[in-house]
Participant: 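Quick one: structure below, then a few questions.
Throughout, a chain's letter reflects where its sequence line sits, starting with A, and its residues are numbered from 1. Just so it is clear, the values below take in all heavy atoms, side chains as well, and ignore hydrogens, waters and symmetry mates.
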Protein chains: 2
Amino acid sequence: MPPRKFTYKSAGVDVDANTVWVDRIKHAMRETYGPRVISRHNAFAGMFRLDFDEQIFRRNYRQPVLVACADGVGSKVLLAAELGDLSTVGIDLVAMNVNDMITCGAEPLFFLDYLAVHKIEPAKLVALMEGISQGCRMAGCALLGGETAEMPDIYAKGVFDLGAFAVGVVELPRAVEPERVMAGDRVIGLASSGIHSNGYSLVRRVIRERKLKLRAEYPELGETLAAAVMRPTRIYVASVLKLLRSYKRKRVVSAMAHITGGGLQENIARVIGPKCDVVLDRKKWAPPPIFPFLQKQGIARREMFRVFNMGIGYALIVRPTFVDAACEKLKRAGESPVVIGKVVGGKGRVRFA
Amino acid sequence: MPPRKFTYKSAGVDVDANTVWVDRIKHAMRETYGPRVISRHNAFAGMFRLDFDEQIFRRNYRQPVLVACADGVGSKVLLAAELGDLSTVGIDLVAMNVNDMITCGAEPLFFLDYLAVHKIEPAKLVALMEGISQGCRMAGCALLGGETAEMPDIYAKGVFDLGAFAVGVVELPRAVEPERVMAGDRVIGLASSGIHSNGYSLVRRVIRERKLKLRAEYPELGETLAAAVMRPTRIYVASVLKLLRSYKRKRVVSAMAHITGGGLQENIARVIGPKCDVVLDRKKWAPPPIFPFLQKQGIARREMFRVFNMGIGYALIVRPTFVDAACEKLKRAGESPVVIGKVVGGKGRVRFA
């Protein structure tokens, strides 16, 4: 006889705890459901109706194209774990995906998360799921499903990771494609809420090596360092889709970029095609206090612009005659737009004036 | 002046390495593309056409419903990392998602992965992406996108995690729903290829505590322990969809279950509704050698059936008059089907005879 019996629980995985967890997060998912979600108990997969009874969908889309994105929050999760506050990274997770999606003009339909943890602790993780649910409601999409994986041998105690996927739809002839960008177009930047969700390995290194205190209020910031670095990523879905829908026939927006890792230069370069350059004017906006604060700790300005959004979270390349009207519409939708640059003939590069 | 400058690279993240990596995996993605994928360079999001030019899609689906799943491979990734062989876990990743998806009768359309690593090592990780690509081709879906996150502070050296999402489509009136299950129905089990992708925390604990050698060939297994535990999860998409499509009008299949964590009992219980029980007959099939081998190391039989698939990876609940014909069709499609039980009146429980 073997000396003692192995059980799955003794190996560190508690199947019953997972069942309790799934029950706990149902409300966070239900709050995001619209009439196109088919609610099914215990299902292996989530179902989302393309053609609602009243043919809302078929009427709106003649040539629907599905658009899908995958992204995570990166090492911002480690700061959240350290601070014991998981309430905001869920919004970041949604934002990272839906802000990518709207760059081609698509409307987010549904969202699924992949949460991997050391141990499923429902009391703590519920805050995280509620953040995801809140983000989904801000982006107008349904939290259709997800997976919570308990892997004590991969994730250290208190550590977790977050990945996610979003699916949306766009009318094919109205999809925003890079080929439209032309010399003369202007670049409108929308203000970010802060660091968003990129560059946190560097942020954490600076905090560690300069012995900065997360809970301390720094005069340059006007708030605690924790508040400044944990502010959730702004979700641009409502305002950007509203702008696109306000022009039924005219092609006003040539291209759009979500400013993530690689900063303004790399992300705008992704959408301008090989025959144009973009010239950005740094003097047109002032990066919010967290950026000069970090730079002062010992990061080169060039590196700052390569890693962080520097205050501009989303960029729209717009036909010159529509710039003022577009800025006005974006302002009315709650954004802070600034004309930060223009398109000239070139080779697909983005440079600062 | 600060004593030294911080860079993103010095904080452990190499943006250029990521660009090289994205270029390296393009071919693995392209191999999975069908005519409905819109290929776009450097895009923020993947695009999948619902209505192909010839209206193939619209003709096939009158009331299309999108179906989405999220799942990971669990701690099987740790065994893959230990063995230095990442070539098969990509197939597991696809299998875990698409086998869930087909339980409602849906056809997989596209797939996105979330790969989180200590460090992007293209030479090593390419094998992983090629496995995902191979799995997608086996499941008939496009690898539309994904995210590779480099997070040295979360993942130890050599350690990685894998999550994924699949999106498919089903014709609403033909979706397989639990309410159909009736007393008298039979349960057909399809042979698994081995442990598939569940229970690996327990497998690893047993290997560790019993000091089993992964590279050793055990006579009871007839192969090395590594070969037995790393065999990729069987993908049931082609055979199951073929069976469903062979019955244009008749409702032959009442429900289906993918046998994952929780084993036959919990997973079949998810799809039978509250008014039926299922009685399974253990004598109808012999679990492949890896299961008695693991049990002998000191796992109770009850626990074995709660954690592992025990040789049955997928279950179909079928109307009694069609059982023989369905088994015949499944055999011709390459499966090894066995009638393992039947449905009786009850309260939603699954028990062994």
Participant: To the nearest 0.5 Å, what is the distance between CG (A/Asp100) and CD (B/Glu147)?
Facilitator: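 With rounding to 0.5 Å, CG (A/Asp100) is 8.5 Å from CD (B/Glu147).
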Participant: If I take atom CZ from residue A/Arg208 and atom CG from residue B/Asp153, how far apart are they, to the nearest 0.5 angstrom?
Facilitator: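 Going from CZ on A/Arg208 over to CG on B/Asp153, the span is 6.0 Å.
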Participant: Sequence neighbours excluded and cut-off under 3.5 Å, please list the side-chain donor-acceptor pairs for residues 156-164 of chain B, or say none.
Facilitator:
from	atom 1	to	atom 2	distance (Å)
B/Asp161	OD1	A/Tyr114	OH	3.3
B/Asp161	OD2	A/Tyr114	OH	2.9
B/Asp161	OD2	A/Tyr155	OH	2.5

Participant: Quick check on B/Leu144 against chain A: is it the side chain, the backbone, both or neither that has a heavy atom closer than 4.5 Å?
Facilitator: side chain
Participant: Go through B/Val77, B/Val170, B/Thr260, B/Asp113 and name the one with the most non-hydrogen pairs under 4.5 angstrom from chain A.
Facilitator: B/Asp113
Participant: For the interface with chain A, which of B/Ala149, B/Gly145, B/Ser75, B/Ala300 has the highest count of heavy-atom pairs at distances below 4.5 Å?
Facilitator: B/Ala300
Participant: Using non-hydrogen atoms and a 4.5 Å limit, figure out which bit of B/Met256 sits close to chain A: side chain, backbone, both or neither.
Facilitator: backbone
Participant: Select one option (side chain, backbone, both, neither) describing which atoms of B/Leu78 are under 4.5 Å from chain A's heavy atoms.
Facilitator: side chain
Participant: Could you check whether any side-chain heavy atom of B/Val167 comes within less than 4.5 Å of a side-chain heavy atom of A/Phe165, counting everything from C-beta outward?
Facilitator: no
Participant: Quick one: what part of B/Arg204 sits under 4.5 Å from any heavy atom of chain A, side chain, backbone, both or neither?
Facilitator: side chain
Participant: With a 4.5 angstrom heavy-atom cut-off, which part of A/Ala175 approaches chain B: side chain, backbone, both or neither?
Facilitator: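 Side chain only.
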Participant: Just verifying a value: how many Å separate A/Leu112 CG and B/Leu112 CG, rounded to the nearest 0.5 Å?
Facilitator: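 Nearest 0.5 Å value for the CG-CG distance: 10.0 Å.
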